[in-house]
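Counting convention: from 1, in listed order, for ligands and their atoms alike.
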Amino acid sequence: MTGADRSLDAVVVGAGFAGLYMLHRLRRLGLSARVFERGGGVGGTWYWNRYPGARCDVESLEYSYQFSAALQQEWRWTERYSTQPEILRYANHVADRFSLRPDIEFNTRVASAGYDEAAGRWLVYTDRGQRISARFLIMATGCLSAANTPDFKGIDRFRGETFHTGDWPHEEVDFHGKRVGVIGTGSSAIQSIPVIAEQAAHLTVFQRTPNYSVPAGNGPLDRALEREIKADYAGFRARNKLMPVGFGSRHPRREDSALAVSEEERQRRYEEYWRLGGLLFMGAFADLGVNAAANATAAEFIRRKIHQIVKDPQTAELLCPDNVVGCKRLCADTGYFAAFNRSNVRLVDVSQRPIDEITSLGLKAAGEEHRLDCIVFATGFDAMTGALLRVDIRGRGGERLQDKWRAGPRAYLGLAAAGFPNLFLITGPGSPSVLSNMLPSIEQHVDFIADCLTHMRGVGHQTIEAQQAAEDDWVQTVNNIAAGTLYPTCNSWYLGANVPGKPRVFMPYLGFPAYVAKCEQVAAEGYEGFAFAG
Ligand code: N01
């Protein structure tokens, strides 16, 4: 292609877990590939989300790669749920173990990419002025990697320090002696608040919507369990693959309805699953995600727990959500509700009167000025589409992905978009991604793409493109499945409802095993729903 500095088989955008494994597979196929990463290191989400208390809500023995049996055996996790520093160490270990770094360009953002139909190649531009011609463009940009800071009035006037949980500084942040404000009460806030509360002179939490949270039950990794799993890791992975969310096979989801048992049994079951911890709580009964009356019994159980933990009844009541449990992602915490018993922590309800403005000295909310030294925006992400659409991607006829997705994202299997030949999305909208265990979902997508490239090479195809009809059907399928659940009943980031003006479309595909089966069937039938050329 004319004007390119360099020609490659594939450009991969992002060096998180998806980009790292994609690079490994591409190399093994003998293809030339380069990864461009805006951060200064590998790890993606785990490179940026360094806020105090950050850790994963899927168990470490499951939130890890399985493509290498040796890697799986040799890596030792220290806790049941890994901390962000440990996950980042793991990502770095993988990059070194498989010698991936020479093909990764750090501190380099892919700004735009345009498809040249005549050449059948992508021309990719970086913010450092590079122009790369590539046959394939593979977006490994992550689902929760574009931080969202609401457009608060006066945000630039604040004289203190500001932080975003999803874009945390790499230097140590010390809140000792400081008056800190945290805006938001999602997973990031719920993990960071207990830690910040221990340091800060005073902490004010600004809550618009309370969230359900279940204690994670974290602790040192049980070495006997580790030995047991490592003795048959493949079997363990295979059992997890059959779980609706792709993890948790050690704690089977129950088959019965919350409404089919006695009140006594229901409470006993909820206690059992409360002790299991975190996301596993949702497995207590089979119908918590689909039956509002069943879900209401779980909601009542958690609200009672909040009232038991939080001493001030008014604060406890404010912390009690009234929506469906799990409709916004259920949080997993370590000491979240108890943090509100501390004398240096205050909860401010901004549900009725939003935050008015940020001033030079703090923040005006609910008719009061709060003096602050630091503001932490725990305000989440432009999820699933944000990072993709921050790159100006233009397909056939110069069509912009931003325009194609103006009314909501449309992608076949969450992997490819009609009008954008030779573009692959790893864990894109329309795939299980955030409603599954991300690591196996990433590996499944990367393997699908690598197998597809092998197939193309075998039959001599130059381009692959999702067919419009297949894409339309798939978007409809994703919507139909979500509509049969309680997920669309609240303003979650799954729906894009957390970003003003973002179209409301339920983005993830619900059901990991069915999704994997569909991908396998598509591949077995010669990549049904895709068109090949060349
Ligand atoms: O973001 P969120 P997050 N004024 O969108 C509030 C994953 N994750 O970073 O609910 C006032 O959940 C907003 O209020 P509301 C996990 O999948 C995983 O916490 O929109 N408040 C909400 O309270 C998670 O779900 C882990 O009314 C405003 C908060 O900001 C996902 O990332 C850890 C506001 C945003 O919550 C996102 O979590 C961390 C405004 N104008 C994250 N705008 C684990 O693995 C927004 N808010 C455990």
Side-chain angles (χ1 to χ4, degrees), residues 44-46 48-60 62-63 80-84 87 142-153 155 163-168 181-193 195 204-216 218 245 247 277-279 319 321-323 326-334 336 347-358 363-366 375-384 386 427 433-439 487 490-500 502 507-508:
T45 286
W46 299 102
W48 300 104
N49 282 263
R50 297 167 181 251
Y51 59 84
R55 72 173 71 241
C56 191
D57 56 4
V58 174
E59 295 186 16
S60 9
E62 303 182 46
Y63 191 86
R80 179 182 177 197
Y81 294 101
S82 311
T83 59
Q84 173 273 333
I87 299 173
C143 296
L144 294 160
S145 44
N148 169 49
T149 305
D151 191 15
F152 291 112
K153 188 176 153 201
I155 198 161
F163 305 93
H164 192 292
T165 46
D167 192 2
W168 200 261
V182 172
I183 302 176
T185 47
S187 294
S188 305
I190 280 176
Q191 289 188 328
S192 58
I193 282 165
V195 186
T204 311
V205 177
F206 299 93
Q207 172 187 271
R208 188 165 68 180
T209 313
N211 251 317
Y212 295 101
S213 186
V214 175
N218 188 39
V245 285
F247 66 92
L279 299 175
L319 286 166
D322 62 4
N323 50 12
C327 160
K328 285 182 180 227
R329 189 181 180 93
L330 183 65
C331 301
D333 72 276
T334 303
Y336 173 63
L347 181 67
V348 174
D349 173 22
V350 294
S351 63
Q352 304 305 315
R353 296 175 61 181
I355 292 170
D356 301 317
E357 62 177 314
I358 293 177
L363 191 158
K364 274 191 195 158
I375 299 177
V376 174
F377 296 100
T379 45
F381 302 90
D382 183 352
M384 303 201 70
T427 64
S433 63
V434 291
L435 283 177
S436 68
N437 181 359
M438 283 304 294
L439 267 279
Y487 275 107
C490 69
N491 294 328
S492 69
W493 56 260
Y494 297 133
L495 271 169
N498 64 323
V499 176
K502 189 166 172 172
M507 294 182 279

Can you tell me which residue and heavy atom of the protein come closest to atom 10 (O) of ligand 1, and the distance to 0.1 Å? Lys328 NZ, 2.4 Å
Sidechain-backbone polar pair: Asn49 side chain, Ala54 backbone, donor-acceptor under 3.5 Å: no
So is Thr185 close enough to ligand 1, meaning a heavy atom under 4.0 angstrom away? yes
Sub-4.0 Å heavy-atom approach of Phe206 to ligand 1: no
With atoms numbered from 1 as shown, which atoms in ligand 1 lie under 4.0 angstrom from a non-hydrogen atom of Pro150? 34 (C), 41 (N), 43 (N)
What's the shortest distance from atom 45 (O) of ligand 1 to any protein heavy atom, and which residue and atom give it? Asp57 N, 3.1 Å
Enumerate the atoms of ligand 1 whose separation from the nearest heavy atom of Arg329 is less than 4.0 angstrom. 16 (C), 17 (O), 24 (C), 25 (O)
Atoms in ligand 1 flagged as close to Arg55, the criterion being non-hydrogen separation under 4.0 Å: 44 (C), 45 (O), 48 (C)
Check ligand 1 against Cys56 and write out every atom of the ligand that is under 4.0 Å from a heavy-atom position of the residue. 45 (O)
Heavy-atom closest pair, residues Ala383 and Trp493: CB-CE3, 3.3 Å
What pair of heavy atoms forms the shortest contact from Met438 to Cys143, and how long is it? CE-SG, 3.9 Å
Go through ligand 1 atom by atom and flag the ones less than 4.0 Å from a non-hydrogen atom of Gly186. 12 (O), 19 (O), 23 (O), 29 (C), 36 (O)
Looking at every non-hydrogen atom in both residues, tell me the closest pair between Asn498 and Phe381 and how far apart they are. ND2-O, 2.8 Å
So the atoms of ligand 1 within less than 4.0 Å of a heavy atom of Gln191 turn out to be 33 (C), 44 (C), 48 (C)
For ligand 1, which atoms have a heavy atom of Tyr51 less than 4.0 angstrom away? 33 (C), 39 (C)
Among all protein heavy atoms in this structure, tell me which lies nearest to atom 7 (C) of ligand 1, with the distance rounded to 0.1 Å. Leu144 CD1, 3.6 Å
Passes side chain to side chain contact (heavy atoms under 4.5 Å, CB included), Thr209 versus Lys328? Steps please. CA-CA 10 Å; Thr209 313; Lys328 285 182 180 227; 4.0 Å; yes
Ranking His164, Arg208, Gln207 by closest non-hydrogen atom to atom 41 (N) of ligand 1, top hit is Arg208
At the 4.0 Å heavy-atom cut-off, does Phe152 count as touching ligand 1? yes
Would you name the heavy atoms of Val245 and Leu435 that are closest together and state the gap between them? CG1-O, 3.5 Å
Trp168 vs Tyr51 aromatic rings, parallel, tilted or perpendicular, using cut-offs 30° and 60°? perpendicular
Please state which protein non-hydrogen atom is closest to atom 27 (O) of ligand 1 and give its distance, to 0.1 Å? Thr209 OG1, 2.4 Å
Nearest heavy-atom pair of Asn323 and Tyr212: which atoms, and what distance? O-OH, 2.6 Å
Who's the nearest protein heavy-atom neighbour of atom 31 (C) of ligand 1, and how far? Trp493 NE1, 3.6 Å
Please work out which of Ser187, Ser492, Ala147, Ser213 has its closest non-hydrogen atom nearest to atom 26 (C) of ligand 1. Ser187
Indicate whether any N or O donor in one side chain lies under 3.5 Å from an N or O acceptor in the other, for Thr334 and Asn218. no
Non-hydrogen atoms of Gly166 versus ligand 1: any pair closer than 4.0 Å? no
If we count only N and O atoms by modelled type, under 3.5 Å, do the side chains of Asn211 and Ser213 hold a donor and an acceptor together? no
Could you name the option among Gly380, Cys490, Ala378 that has the heavy atom nearest to atom 30 (O) of ligand 1? Ala378
Looking at every non-hydrogen atom in both residues, tell me the closest pair between Asp349 and Ala366 and how far apart they are. O-CB, 4.0 Å
For atom 9 (O) of ligand 1, what is the closest protein heavy atom, and at what distance to 0.1 Å? Ser188 OG, 2.6 Å
Phe152 and Phe377 aromatic ring geometry - parallel, tilted or perpendicular at 30°/60° bounds: parallel
For ligand 1, which atoms sit closer than 4.0 Å to a heavy atom of Gly184? 6 (C), 23 (O), 29 (C), 30 (O)
Considering the options Leu439, Asn437, Ile87, Thr83, which one meets the side chain to side chain contact (heavy atoms under 4.5 Å, CB included) requirement together with Cys56? Ile87
